[in-house]
2 protein chains.
Amino acid sequence: MISLTQKAKYALKALVFLAKEYENGPVLITKVAESEGISRKFLELILLELKNNGVLQSKKGRGGGYWLARPPEDIYLGHIIRIFEGALAPLPCASKRYYRRCEECADEATCEVRAVMLEVKSATLRVLDTTSLRDTLHLGKPLALVDA
Amino acid sequence: MISLTQKAKYALKALVFLAKEYENGPVLITKVAESEGISRKFLELILLELKNNGVLQSKKGRGGGYWLARPPEDIYLGHIIRIFEGALAPLPCASKRYYRRCEECADEATCEVRAVMLEVKSATLRVLDTTSLRDTLHLGKPLALVDA
DNA sequence: CATAAATCTATAGAAATGCTAGACAAAAGG
DNA sequence: CCTTTTGTCTAGCATTTCTATAGATTTATG
């Protein structure tokens, strides 16, 4: 478990980059790719998927490029990761949006493993669904509240 | 992300079962398999791996079977999951025991994505490294402290 | 029209995952 | 001993997922 795919990682890196450039209009895919060290062609797929999910907007031709569809403070990491990974819960039976029953499970309501995974999920969401792209830009003292 | 493999899930289920049987001596693999709805052959691999990692003990021949090598309160879920999944952090660059650098990353120290994933990891560990097999047996009000 | 840029489709290699089959080893009972 | 019971180990395979790559297409600008 508990590993982000390259795709999701690249998506996050690209979005952080675009968040920094938010005021500057369209950004070329090539620029993002070079700055973040990502294969240009692979990044295309990723930005496209983000666009189809309403996270990015784009314009073709000269002066074109990609930009955030909403301000960085309105884009949460949980949303992004769900686009590429689906559920954030460690088990489908612990997920709300992507719920799926475990075939072998006799009684979900008393399943100890599920109970713990609900806690893990809850802890994960408490970070990912409260951290926006803008929040990630404050390094130094980032997310100190989570450890408080 | 953040999805347990079947193997890890089965391991946890088997261990919870063995925790309940802790006082009763060796338990047959077949009994665990049937009770938890797991393929017997697949479960063999899993219990073996747990044994090789010192979590279980076993005895061959008549009256044989598997049992927990330590009392349920001394076996933490984080330990189990690491056996099957490796790192608990969402990215290798955020893991202590399984650290690996991201090839494309220009500067890990200022990487915003890594910073957030350190938080996610920390939140995950706070659950998995403080919950023992014994803790999982108290359903009803399980782990209430985590949400407090 | 020429050029720059995003868009879309298809596909393919590599790795991980989930599982099965079958031979082997050891312990206990008779 | 010999048989039965039970865990141990190795190999392999089918499927899926991941990570790209290639190439053709569409749209906008000047």
Side-chain angles (χ1 to χ4, degrees), chain A residues 1-11 13-14 18 25-34 36-67 69 81 83-87 90-92 100 102-104, chain B residues 1-11 13-14 18 25-34 36-53 55-67 69 81 83-87 90-92 98 100 102-104:
Chain A
M1 88 170 173
I2 295 195
S3 182
L4 281 186
T5 56
Q6 292 278 91
K7 228 174 175 178
K9 182 179 75 173
Y10 290 161
K13 289 202 163 196
L18 291 173
V27 181
L28 295 188
I29 239 184
T30 305
K31 187 176 174 193
V32 180
E34 286 175 359
E36 298 296 328
I38 306 169
S39 144
R40 207 212 146 213
K41 271 307 207 176
F42 197 36
L43 187 59
E44 279 183 16
L45 298 182
I46 294 166
L47 296 192
L48 198 53
E49 198 159 351
L50 287 169
K51 188 197 171 181
N52 292 336
N53 280 274
V55 178
L56 293 180
Q57 292 189 318
S58 67
K59 201 177 131 192
K60 291 181 178 178
R62 250 181 218 149
Y66 283 96
W67 64 93
I81 296 178
I83 290 172
F84 293 95
E85 313 274 0
L91 292 177
R100 255 186 35 241
C102 293
E103 309 241 341
E104 84 285 356
Chain B
M1 91 168 172
I2 296 196
S3 181
L4 281 185
T5 56
Q6 292 277 91
K7 228 174 176 178
K9 181 179 76 173
Y10 290 160
K13 288 202 163 196
L18 291 174
V27 181
L28 295 189
I29 229 183
T30 305
K31 187 176 174 193
V32 181
E34 286 175 358
E36 298 297 327
I38 304 169
S39 144
R40 207 209 147 219
K41 269 306 204 177
F42 196 36
L43 186 59
E44 279 183 14
L45 298 183
I46 294 166
L47 297 192
L48 199 52
E49 197 161 351
L50 287 169
K51 187 196 172 183
N52 292 336
N53 280 275
V55 178
L56 294 180
Q57 292 190 316
S58 67
K59 203 177 130 191
K60 292 179 177 180
R62 249 183 216 145
Y66 283 97
W67 65 94
I81 296 178
I83 290 172
F84 292 94
E85 314 273 359
L91 292 178
Y98 301 86
R100 256 188 33 243
C102 293
E103 308 241 340
E104 85 284 355

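Each chain gets a letter, A, B and so on, in the order the sequences are listed, and its residues count up from 1. Side chains included, hydrogens not; waters and symmetry mates left out as well; all remaining heavy atoms used.
- Of the two residues contacting DNA chain D, namely A:Gly63 and A:Ala8, the nearest-nucleotide position lying further toward the 5' end is that of A:Ala8.
- Within the nucleic acid shown, A:Gly65 comes within 4.0 Å of sugar-phosphate atoms alone, with no base atom in reach, counting heavy atoms only.
- Atom CD in B:Gln57 sits roughly 19 Å away from atom P in D:dT6 (whole-Å rounding).
- Straight-line distance from the CG atom of B:Leu45 to the P atom of D:dG12: 15 Å, rounded to whole Å.
- Taking side-chain N and O atoms only, B:Lys51 has a distance below 4.0 Å to OP1 or OP2 of D:dT8.
- Look at A:Lys59 and you'll find a side-chain N or O under 4.0 angstrom from OP1 or OP2 of D:dT29.
- Between the CG atom of B:Leu43 and the NZ atom of B:Lys41 there is a distance of 11.5 Å, given to the nearest 0.5 Å.
- In terms of phosphate contacts, B:Thr5 brings no side-chain nitrogen or oxygen within less than 4.0 Å of OP1 or OP2 of C:dA16.
- A donor-acceptor contact under 3.5 angstrom links the side-chain atoms of A:Glu44 to the base of C:dC8.
- Scanning both residues, A:Trp67 and A:Lys59, for their nearest heavy atoms gives CZ3-N, 3.7 Å.
- For C:dC19, the OP1/OP2 oxygens have a side-chain nitrogen or oxygen of B:Gln6 closer than 4.0 Å.
- One interatomic measurement links the two molecules: CZ of B:Arg40 to C1' of C:dG22, which rounds to 13 Å at whole-angstrom precision.
- For the pair A:Glu85 CD and D:dT17 C1', the interatomic distance rounds to 11 Å; values are reported in whole Å.
- A straight line from NZ of A:Lys60 to P of D:dT27 spans 5 Å, rounded to a whole angstrom.
- A:Leu4 places its CG atom 14 Å from the C1' atom of D:dC18, with the value rounded to the nearest Å.
- Distance check: B:Ile29 CD1 to B:Arg40 CZ gives 5.5 Å after rounding to the nearest 0.5 Å.
- Taking every heavy atom of both residues into account, B:Phe84 and B:Ala8 meet most closely at CB-CB, 4.0 Å.
- One finds the CD atom of B:Glu103 at 9.0 Å from the CD atom of A:Gln6 (value rounded to the nearest 0.5 Å).
- Atoms CG (B:Leu47) and P (D:dC9) sit 13 Å apart, rounded to a whole Å.
- Closest contact between the side chain of B:Arg62 and the listed nucleotides C:dA6, C:dA28, D:dT19 involves C:dA28.
- Regarding contacts with the backbone of D:dT19, every side-chain N or O of A:Tyr10 stays at 4.0 angstrom or more from both OP1 and OP2.
- Regarding contacts with the backbone of C:dG18, every side-chain N or O of B:Ser39 stays at 4.0 angstrom or more from both OP1 and OP2.
- Between B:Tyr66 and B:Gly61, the residue whose closest nucleotide on DNA chain D is further toward the 5' end is B:Gly61.
- Atom-to-atom, CD of B:Glu103 to C1' of D:dT19 comes out at 14 Å; the value is rounded to the nearest Å.
- For B:Lys41 against C:dG18, a side-chain-to-base donor-acceptor contact under 3.5 Å is absent.
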